[in-house]
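Written below as structure tokens is the structure these notes are about.
Given the structure is predicted, the values throughout are model-derived calculations rather than measurements.
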Amino acid sequence: MLVSPSLLSADFANLIPDLEMINESESDYLHLDVMDGVFVPNISFGFPVMKSVAKHCRKPLDVHLMIVDPDKWISQVRDLGAEIMNVHQEACPHLHSVIQRIHNAGMKAGVTLNPATPVSSLVDIIEDVDLVLIMSVNPGFGGQPFIRHSLKKVEELRSLVATTGSKAIIEVDGGVNAQTGKELAVAGADMLVAGSYVFGASDPREAIHSLKVL
């Protein structure tokens, strides 16, 4: 299982120890949740913070833009050195164009679905994306309980990927821990985002390992 710990749950008054932990862990990515207070009811951090994080993090960056007009920031995300730029289906009326521009910038293109957005909305785009992120909580705040219907969405998405021949990775974010992670692995997830479960653990590296082995 690929693991992408979410920086949203780290200690922002003292990020260096948390970044060093990530660097030394088995994590595959570092997940950066960017919130604007418009698309979601919260504000997280912006590019000055992410630039500082990028200087110290040796893991590839998985940048998740929970914002309106995410296509305006493609060049800035690229300049961070991000491997993945993830945009919300609900925020992109011209999604195909945005995916093309992300690819042209040299990044992998991810598309996120909110809990109420059906997998079927990706039928016409699934072969063009590198990753689909299923939100298993409502975006905006960490520490929310896992939405059980997400398991069915992962199963449906796995079927869509298989039938279309898409190479998209299935990522899940929200309420992920050892138990829900195991269920998501059975449903067909390839990659798990975990915030509170990792950064709130007495041994964060062991928490990451517990997800890696699923």
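Side-chain contact between Leu61 and Ile84: absent, with no pair of heavy atoms (C-beta onward) separated by less than 4.5 Å. Between Arg148 and Glu183, the closest side-chain pair of non-hydrogen atoms falls below 4.5 Å. Residues Ile169 and Leu2 have side chains in contact (heavy-atom distance under 4.5 Å, counting atoms from C-beta outward).
Under the 4.5 Å side-chain heavy-atom criterion for ILVMFWY residues, no single connected hydrophobic cluster contains both Val38 and Ile43.
With hydrogens and angles disregarded, no donor-acceptor distance shorter than 3.5 Å links the side chain of Ser6 to the backbone of Gly195. In this structure, Ser27 contributes its side chain and Pro5 its backbone to no donor-acceptor pair below 3.5 Å. A donor-acceptor pair is defined here as one N or O able to donate and one able to accept, closer than 3.5 Å; no such pair exists between the side chain of Asp69 and the backbone of Lys72.
Between atom CZ of residue Phe45 and atom CZ of residue Phe12 there is a gap of 4.5 Å, rounded to the nearest 0.5 Å. Here the CD1 atom belonging to Ile22 is positioned 7.5 Å from the CG atom belonging to Asp18, to the nearest 0.5 angstrom. Within the model, atoms CZ of Arg101 and CE of Met107 stand 10.0 Å from one another, a figure rounded to the nearest 0.5 Å. For the atom pair CD of Glu171 and CG of Asn86, the computed distance is 6.0 Å after rounding to the nearest 0.5 Å.
For residues 131-147, the set of pairs meeting the side-chain hydrogen bond (donor to acceptor under 3.5 Å, both in side chains) definition, not counting sequence neighbours, is empty.
Between Lys51 and Asp79 there is no salt bridge, since no side-chain N of the basic residue sits under 4.0 Å from a carboxylate O of the acidic one. With respect to Arg205 and Glu24, a salt bridge is recorded, a charged nitrogen being found less than 4.0 Å from a carboxylate O.
Of all non-hydrogen atoms in His56 and Asn23, the two that sit nearest each other are O-ND2, 2.9 Å.
Below 30°, between 30° and 60°, or above 60°: for His88 and His64 the angle between ring planes is below 30°, a parallel geometry.
Qualifying side chain to side chain donor-acceptor pair (under 3.5 Å) partners for Lys108, counting only residues two or more places apart in sequence or in other chains: Glu83.
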I'd like a table of donor-acceptor pairs (distance under 3.5 Å, sequence neighbours excluded) in which one partner is a side-chain atom from residues 122-134, with atom names and distances.
from: Asp130; atom 1: OD2; to: His103; atom 2: NE2; distance (Å): 2.6
from: Asp130; atom 1: OD2; to: Ala109; atom 2: N; distance (Å): 2.8

Practice item. Would you sort out whether Lys59 and Asp28 count as a salt bridge (charged side-chain N to carboxylate O under 4.0 Å, His left out), showing the intermediate values? Key: CA-CA 7 Å; Lys59 302 290 184 175; Asp28 300 279; over 6 Å; no
